[in-house]
Q: 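I'd like to ask you about the structure that follows.
Note on naming: letters A, B, ... go to the chains in the order of the sequence lines (proteins, then strands), and numbering restarts at 1 for each one.
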Amino acid sequence: MNKVISLQQDIKDHLKEIVFNLGYNAENLNILLEEPKEKVNGDYSTNLAMLLTKIAKKQPKLIANEIVDRFNKDKYYVSKIDIAGPGFINFYMDNNYLTTVISEIINANENYGKNNQDNPIKINVEFVSANPTGDLHLGHARGAAIGDSLCRILTVAGFVVTREYYVNDAGNQIHNLALSTIARYEQQLGIDTPVPENGYHGTDIIDIAKSLFEKYGDMYKEDSKERYDLFRKYAKEYELEKIKKDLSNFRVEFDIWSSEQKLYDDNRVIKAIEKLAEKGYIYEFEGATWFKSTAFGDDKDRVLRKSDKSLTYLTPDIAYHIDKLERGYDKLINILGADHHGYIPRLKASIECLTGENDKLEALIIQMVRLIKNGEEYKMSKRSGKALTIRDLIEEVGIDAVRYFFAMRSPDSQMDFDIDLATSQSNDNPVYYAQYAHARISSIFRQAEEKNLNYKVSEQYLEVNSDKAYDLLKKLSEFPKFIVEAANKRAPHRITHYIYELASVFHSFYNAEKVINEENIEKTSQLLALVKATQITLKNALELIGVSAPDKM
RNA sequence: UUACUCUUAGCUCAGUGGAAGAGCAUUCGCCUUCUAAGCGAGUGGUCACAGGUUCAAAUCCUGUAGAGUAUACCA
């Protein structure tokens with residue numbers, strides 16, 4: 001346990017004890033020890049006196065006085081206590097209470113921030129899951145960045161995480177992909193076959209056709225089932241490989257790629273209907289098979305098998321989620337674009353029907369990204385073939401900047417991605433601010449090497465005598481707390497904000513204090529320890545959002 | 001029509017019961033000194049509106065207005 005966190009807990013316990021000794025019955029009180037935003041208001045602050053107003057029937061300020069009188073300051077590194085505003089009790093800490101954090105960070109190194117849980121729950125995070133019918137675009141990139149960051153954060157927070165991509169390789173989209181490929185192939189042979197209306201018109205399909213032509217020549221000139229099956233499989237794998245490569249370049253890896261087709265092949269799709277039927281929530285109406293999802297909060301019941309006996313999209317998806325549940329995860333998190341949010345209630349309904357739990361599946365909705373170019377919205381469509389792909393994006397803006405940009409904002413805020421701004425003013429991108437802090441630290445250590453200083457990074461940081469060093473130390477100590485919060489709230493952007501804050505206090509410290517002082521090796525050693533701890537923390541934090549920590553810029 | 005999400009500084013956005021925040025823009029300072037992609041200071045807000053709950057509401061509840069998305073026996 002982090003020293004700072006345990007001290008906070010000790011203070012809380014001490015406060016509880018005081019309240020008890022004062023004779024107030026406050027067993028159910030949730031005492032908060034917060035860190036005020038304004039430094040004027042101390043290092044910690046508690047609302048305790050306000051909470052007690054009802055029980056004590058006194059003004060909060062009077063209660064606060066009683067509490068403060070009984071507080072043992074020396075034991076808990078408190079230098080001063082104030083009562084402020086409506087009755088907040090503000091604690092000002094002794095500057096040296098944090099110094100143990102430094103050695104803690106340096107010893108933990110890349111593990112600093114890592115939280116070990118005794119019995120961690122198993123979480124499956126499904127994200128991206130774009131159809132293998134074309135390139136990933138902007139929205140997928142945002143989903144990939146947030147999903148990947150969330151997985152990294154959950155892992156560090158101590159959960160057991162599986163990253164999964166559901167490949168829709170069985171439906172109409174793939175059928176259209178196959179037909180489009182066939183059309184482009186015939187065009188290679190000089191036959192004037194148009195790409196179907198619902199087909200894919202992107203240039204990637206031409207590439208696929210060309211490669212098929214090179215491989216097979218005019219062998220598949222005639223229509224046949226064999227040709228259809230072969231081309232369909234070939235096109236799908238081509239697109240999927242491209243997606244895998246793009247994601248990997250984007251520093252996003254998956255543990256499992258699940259195939260919809262395989263669910264059909266293993267005969268598990270029909271079984272999904274049977275399982276729901278066993279629970280008594282399946283009925284026949286006008287020749288179709290329905291799932292009574294309204295029993296679990298959906299707007300209307302949903303069709304699983306159409307009157308022509310073919311299955312809807314929902315059916316294999318339910319089978320897929322049954323499969324995930326059977327693999328033993330405690331929680332399923334689906335990361336979806338906002339355009340699919342209407343789909344969630346029916347899926348949740350199926351899971352609640354089967355498990356009896358309504359929080360087994362959690363949906364994280366990612367709002368839309370609007371692409372702005374030349375001051376106006378740039379519509380994208382996979383079918384028109386004009387969309388900006390994840391590859392274009394990385395090429396124009398850079399991986400670090402794209403990852404940082406997407407991780408910076410809350411998933412549920414819609415965002416405009418201004419291409420002109422991102423490219424022309426790329427030096428103003430906040431990612432450089434954070435990376436620059438890391439590069440500066442590396443530079444300090446290079447200097448220390450060059451000057452051949454006989455220093456060693458202190459095991460203990462003995463005395464904090466500057467405000468800037470103290471601010472830095474304090475920010476370093478908060479890292480584990482941010483991780484837990486980001487994980488529990490599914491909010492990677494909290495980490496990005498932490499990174500910015502940490503970089504900010506470091507830059508401030510850097511300007512105020514010269515680290516290397518050849519006249520005073522002892523002080524230099526101590527400051528180098530602080531700087532080392534900053535470098536470790538910054539790097540670990542950047543790692544969580546998939547951004548590199550350069551030594552030079 | 002209904003459902004979900006959003007509405008906070010000129011712009012882009014954090015904060016989700018406890019004391020209104022950051023970046024950009026703008027104004028003024030700081031490079032002979034470990035990287036100025038940096039630092040310091042200033043300007044800027046009835047937290048969309050109206051009620052309610054609470055000692056306390058930007059935050060929770062209800063309603064209203066505006067924006068986005070979705071409302072298929074498509075996938």
Q: Look at the side-chain N and O atoms of Y436(A) and state whether any lies under 4.0 Å from the OP1 or OP2 oxygen of rA37(B).
A: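 Yes, Y436(A) has a side-chain N/O under 4.0 Å of OP1/OP2 on rA37(B).
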Q: Check each residue of residues 484-492 of chain A for a non-hydrogen atom within less than 4.0 Å of any atom in RNA chain B, then write out the ones that pass by number, or none.
A: none
Q: Roughly how many Å apart are rC60(B) and rU69(B), using the P atom of each and rounding to a whole number?
A: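 So the two P atoms sit 24 Å from each other.
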Q: Checking contacts here: which listed nucleotide (rC55(B), rC6(B), rC73(B)) is nearest the side-chain heavy atoms of K300(A)?
A: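 The answer is rC73(B).
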Q: Please report the distance separating the C1' of rU59(B) from the corresponding atom of rC6(B), rounded so that it comes out in whole Å.
A: 15 Å
Q: Would you mind classifying the nucleic acid contact of S307(A) as base, sugar-phosphate or nothing, using non-hydrogen atoms under 4.0 angstrom?
A: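 It contacts base atoms.
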Q: If you check the V515(A) side chain, which of rC34(B), rG38(B), rA75(B) turns out closest?
A: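 Closest nucleotide to the V515(A) side chain: rC34(B).
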Q: Where does rC11(B) land, syn or anti, given syn is within 90° of 0?
A: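 For rC11(B), whose glycosidic angle is more than 90° from 0, the conformation is anti.
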Q: Considering only side-chain heavy atoms of M368(A), which listed nucleotide, rA75(B), rU69(B), rG40(B), is closest?
A: rU69(B)
Q: Which part of the nucleic acid does A439(A) contact within heavy-atom distance under 4.0 Å: base, sugar-phosphate only, or nothing?
A: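 Base: the residue A439(A), judged by heavy atoms under 4.0 Å, touches a nucleobase.
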Q: For E501(A), is there an ion pair with K475(A) - N to carboxylate O distance below 4.0 angstrom?
A: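 Between E501(A) and K475(A) there is a salt bridge, with a charged N closer than 4.0 Å to a carboxylate O.
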Q: With C1' as the reference atom in both, quote the distance from rC31(B) to rA25(B) in angstrom, rounded to an integer.
A: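 Between the two C1' atoms, the distance is 24 Å.
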Q: With a non-hydrogen cut-off below 4.0 angstrom, is Y433(A) in contact with a base, only sugar-phosphate, or nothing?
A: sugar-phosphate
Q: Which residue lies toward the 5' end of RNA chain B, A338(A) or D416(A), if each is placed at its nearest nucleotide?
A: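 Looking at RNA chain B, the more 5' nearest nucleotide goes with D416(A).
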Q: Give K451(A) one of three labels, base, sugar-phosphate or nothing, depending on what nucleic acid heavy atoms sit under 4.0 Å from its own.
A: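 Contact class for K451(A): none.
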Q: Remember a base hit wins even if backbone is also touched, and classify S410(A) as base, sugar-phosphate or nothing at under 4.0 Å, heavy atoms.
A: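 The answer is sugar-phosphate, as S410(A) gets under 4.0 Å only of primed atoms, P, OP1 or OP2.
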Q: Can you see if the side chain of R494(A) gets near the phosphate of rG15(B) - specifically, an N or O under 4.0 Å from OP1 or OP2?
A: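 Yes.
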Q: For the side chain of S508(A), starting at C-beta, report the closest nucleotide among rA19(B), rA75(B), rG40(B).
A: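 The nucleotide sitting nearest to the side chain is rG40(B).
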Q: rA19(B) base to N90(A) side chain: any donor-acceptor pair below 3.5 Å?
A: yes
Q: So, is S413(A) close to the rA14(B) phosphate, meaning a side-chain N or O under 4.0 Å from OP1 or OP2?
A: yes
Q: If you take atom types as modelled and just measure distance, does the side chain of S45(A) reach the base of rA19(B) with a donor-acceptor pair under 3.5 Å?
A: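 Indeed there is one.
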Q: Looking at every strand, decide which applies to E286(A) at a 4.0 Å heavy-atom threshold: base, sugar-phosphate, or nothing.
A: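 Counting heavy atoms under 4.0 Å across all strands, the contact made by E286(A) includes a base.
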Q: Taking atom C1' in both rC73(B) and rG51(B), compute the distance separating them and give it to the nearest angstrom.
A: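 Those two atoms are separated by 45 Å.
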Q: Donor-acceptor pair, H507(A) side chain versus Y433(A) backbone, under 3.5 Å?
A: yes
Q: So does L361(A) get a backbone contact from the side chain of K348(A), meaning a donor-acceptor N/O pair under 3.5 Å?
A: yes
Q: Would you confirm whether Y498(A), through its side chain, and I483(A), through its main-chain N or O, come within 3.5 Å as a donor-acceptor pair?
A: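 Not at all, since once roles are kept as given, no pair shorter than 3.5 Å links the two residues.
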Q: Taking OP1 and OP2 of rA37(B), is either one under 4.0 Å from a side-chain nitrogen or oxygen of R440(A)?
A: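 So the side chain of R440(A) is outside the cut-off, no N or O lying under 4.0 Å from OP1 or OP2 of rA37(B).
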Q: Is the phosphate of rC73(B) approached by K309(A) (side-chain N or O, under 4.0 Å from OP1 or OP2)?
A: no
Q: From the options rG38(B), rU12(B), rC74(B), select the nucleotide whose nearest atom is closest to the side chain of H507(A).
A: rG38(B)
Q: Could you work out the separation of rU16(B) and rA72(B) based on their P atoms and round it to a whole Å?
A: 36 Å
Q: Y500(A) near the nucleic acid: base, sugar-phosphate alone, or nothing, with a heavy-atom cut-off under 4.0 Å?
A: sugar-phosphate
Q: Stacking check: are the rings of Y343(A) and rA70(B) less than 5.5 Å apart at their centres and under 30 degrees in tilt?
A: no
Q: From OH of Y510(A) over to C1' of rA36(B), roughly how many Å is that when rounded to an integer?
A: 10 Å
Q: Determine whether more than 12 heavy atoms belonging to other residues, nucleotides or ligands lie under 6.0 Å from atom NZ of K309(A).
A: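 Yes, because the 6.0 Å sphere around NZ of K309(A) holds more than 12 heavy atoms from other groups.
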Q: Under 4.0 Å, counting only non-hydrogen atoms across every strand here, what does E518(A) touch: a base, just sugar-phosphate, or nothing?
A: nothing
Q: Would you say W290(A)'s side chain and L304(A)'s backbone share a donor-acceptor pair under 3.5 angstrom?
A: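 No: the side chain of W290(A) does not pair with the backbone of L304(A).
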Q: For S293(A), is there any backbone N or O sitting under 3.5 Å from a side-chain donor or acceptor partner on D301(A)?
A: yes
Q: How far apart are the C-alpha atoms of K324(A) and E164(A), what are their side-chain angles, what is the distance that settles it, and do they pass the salt bridge (Lys or Arg N to Asp or Glu O under 4.0 Å) test?
A: CA-CA 10 Å; K324(A) 283 200 274 191; E164(A) 187 150 337; 5.5 Å; no
Q: Under 4.0 Å between a side-chain N or O of H493(A) and OP1 or OP2 of rG15(B)?
A: yes
Q: Checking all strands, does D298(A) fall into the base, sugar-phosphate, or nothing category for heavy-atom contacts under 4.0 angstrom?
A: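 The residue D298(A) makes no contact with any strand.
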Q: Suppose you measure atom C1' in rG42(B) against the same atom in rC47(B); what distance do you get, rounded to whole Å?
A: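 Those two atoms are separated by 23 Å.
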Q: If you check every side-chain atom of I516(A), which of rA70(B), rC73(B), rC34(B) has the closest atom?
A: rC34(B)
Q: P atom, rU62(B) versus rG17(B): distance in rounded Å?
A: 16 Å
Q: Between rG18(B) and rC4(B), how far apart are the C1' atoms? Round to whole Å, please.
A: 30 Å
Q: Side chain of H341(A), heavy atoms from C-beta onward: which of rA36(B), rC4(B), rC34(B) has the nearest atom to it?
A: rC4(B)
Q: What contact category does D299(A) fall into here, base, sugar-phosphate, or nothing, at under 4.0 angstrom with non-hydrogen atoms?
A: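 Here D299(A) touches no strand at all.
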Q: Please determine whether a side-chain nitrogen of the Lys or Arg among D229(A) and K233(A) lies less than 4.0 Å from a carboxylate oxygen of the Asp or Glu.
A: no
Q: Which of the following nucleotides, rC73(B), rC34(B), rA70(B), is nearest to the side chain of W290(A)?
A: rC73(B)
Q: Scan M415(A) against the nucleic acid and name what it touches under 4.0 Å (heavy atoms): base, sugar-phosphate only, or nothing.
A: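 Sugar-phosphate: the residue M415(A), judged by heavy atoms under 4.0 Å, touches backbone atoms but no base.
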Q: Before accepting this row, confirm whether a basic side-chain N of the pair E449(A)/R446(A) lies closer than 4.0 Å to the acidic partner's carboxylate O.
A: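 Result for this pair is no, no salt bridge flagged.
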Q: Tell me what N168(A) touches on the nucleic acid: a base, only sugar-phosphate, or nothing, going by heavy atoms under 4.0 Å.
A: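 Answer is nothing: N168(A) stays at 4.0 Å or more from every strand.
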